[in-house]
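The structure appears right after this line, and notes come after that.
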Amino acid sequence: MTETDLADQMEATSDALARAQAMVARRVIGQEKVVDLTLTSLLCGGHALLVGAPGLAKTRLVEALGTVMGLSANRIQFTPDLMPSDILGAEVLETGPDGSRTFKFIEGPVFCQLLMADEINRASPRTQSALLQAMQEKRVTIAGAERVLEAPFHVLATQNPIEQEGTYPLPEAQLDRFLVQIDVDYPDRDAERDILLATTGAEDAQAEAVFDAASLIAAQNMIRRMPVGESVVEAILDLVRAARPGTADGNHAITDAISWGPGPRAAQSLMLSVRARALMSGRLAPSIEDVAALAHPILVHRMSLGFAARAEGQTLDGVIARLVEVTLDRDVAA
């Protein structure tokens, strides 16, 4: 593919993404940033963790995305008694008309293209771990046999940050497999007024398909061919490495507050996400501003503050903001 062909394909995909944003906005009002970040995760071939209080349209968003992106979607309500087989499926003994008995595999809800894991932190660690292989390798191992999931495969998980009774915090290994953490906040007054009028009438606006599985995979492959300037690459490395405790690349006033920081997967996620954000903005190459805008959703679930920092009242949001200010302002000045 020539540079001209790539540019034409990127422009066409950018137009399609604008239509997809408009379609999702019919169903999800006042959450433009959340919609953009979720679309970013799909464009990058990744998974997203949506954190917000009940009633903020998280489930509605996933349903709308399944329609707009043309993906087969399933939903799992995670509960403490949920078992791994309830997600992956199981083999059952089946008796044929002639009396013969054979094992037949019954697919679980994970065999889809867009899986909504609702309140994922309510399931036990054993059940949560059933998704680890699926999220990373896009395949599952059941009864010793590997079964490949249909491409593309994405997990959009939700988590309630308010009620923690009867929940199991997600382990770091699973958190790291989410490309982004998306904080879903309350809508502003004007948006909430629009929600009232749009959702309490006789008719509810419906979304229509813009993409299908094949076109989404093509867009994901194209994202990986988008050129990235050397300054953006260095900004990504500076930011991620500065967020690790005990590294020579960091500012000790900041890194001393961090107990553990992001690994190389965070840098990979940033590299893909800045490309997707640029494309959704109608640009053919990412900038350092894209790195700054995506620093929080990429890093916040891959870091933890030490006890002393928490006792002093520091927050991850504040630490990441200072990291962005210290590292990326330096790159812009350079």
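Phe105 CZ: more than 12 foreign heavy atoms inside a 6.0 Å radius. More than 12 heavy atoms of other residues, nucleotides or ligands shown are found within 6.0 angstrom of CZ on Arg310.
In the hydrophobic cluster analysis, where Ile, Leu, Val, Met, Phe, Trp and Tyr join through side-chain heavy atoms closer than 4.5 angstrom, Leu71 is grouped apart from Met135. Residues Val210 and Ile223 share a single hydrophobic cluster, defined by chaining ILVMFWY side chains whose heavy atoms lie under 4.5 Å apart. Each of Tyr168 and Val51 belongs to its own hydrophobic cluster when Ile, Leu, Val, Met, Phe, Trp and Tyr are linked at side-chain heavy-atom distances under 4.5 angstrom. Note on Leu131 and Ile76: same hydrophobic cluster, where clusters join Ile, Leu, Val, Met, Phe, Trp and Tyr whose side-chain heavy atoms are under 4.5 Å apart, directly or indirectly. Using a 4.5 Å cut-off between side-chain heavy atoms of Ile, Leu, Val, Met, Phe, Trp and Tyr, with links allowed through other members, Leu49 and Val300 fall into different hydrophobic clusters.
Sorted by first and then second residue, the salt bridge (charged side-chain N to carboxylate O under 4.0 Å, His left out) pairs involving residues 150-161 (not counting sequence neighbours) form an empty list. Applying the side chain to side chain donor-acceptor pair (under 3.5 Å) rule to pairs touching residues 264-275 yields Gln136-Arg265, Asp176-Arg265, Ser269-Arg302, sequence neighbours excluded. Listed by first then second residue, pairs satisfying salt bridge (charged side-chain N to carboxylate O under 4.0 Å, His left out) with a partner in residues 47-73 read Arg60-Asp204, not counting sequence neighbours.
For the side chain to side chain donor-acceptor pair (under 3.5 Å) test, no residue two or more places apart in sequence or in another chain qualifies with His47. In terms of the ring pair (Phe, Tyr, Trp, His ring centres under 6.0 Å) criterion, Phe211 has no residue partners (sequence neighbours excluded). Under the side chain to side chain donor-acceptor pair (under 3.5 Å) criterion, Arg283 pairs with Asp290, not counting sequence neighbours.
Looking only at distances, no side-chain donor or acceptor of Ser304 sits under 3.5 Å from a matching main-chain atom of Trp260. With hydrogens and angles ignored, the 3.5 Å screen pairs a side-chain donor or acceptor of Gln113 with a backbone N or O of Ser72. Here the side chain of Arg26 pairs no donor or acceptor atom with the backbone of Ala22 at under 3.5 angstrom. The closest donor-acceptor contact from the side chain of Asp86 to the backbone of Met83 lies under 3.5 Å. A donor-acceptor contact shorter than 3.5 Å is absent between the side chain of His296 and the backbone of Asp317.
The only member of Leu65, Asn74, Thr158 that meets side-chain contact (heavy atoms from CB on, under 4.5 Å) when paired with Met116 is Thr158. The one candidate from Val34, Val35, Asp36 that meets the side-chain contact (heavy atoms from CB on, under 4.5 Å) condition with Thr38 is Val34.
Of the N and O atoms on the side chains of Gln128 and Arg122, not one donor lies less than 3.5 Å from an acceptor on the other residue. Side chain to side chain, Thr141 and Gln133 meet the donor-acceptor criterion of an N or O pair below 3.5 Å. Of the N and O atoms on the side chains of Thr79 and Asp81, at least one donor lies less than 3.5 Å from an acceptor on the other residue. Inspection of the Asn121 and Glu119 side chains reveals no N or O donor paired with an N or O acceptor under 3.5 Å.
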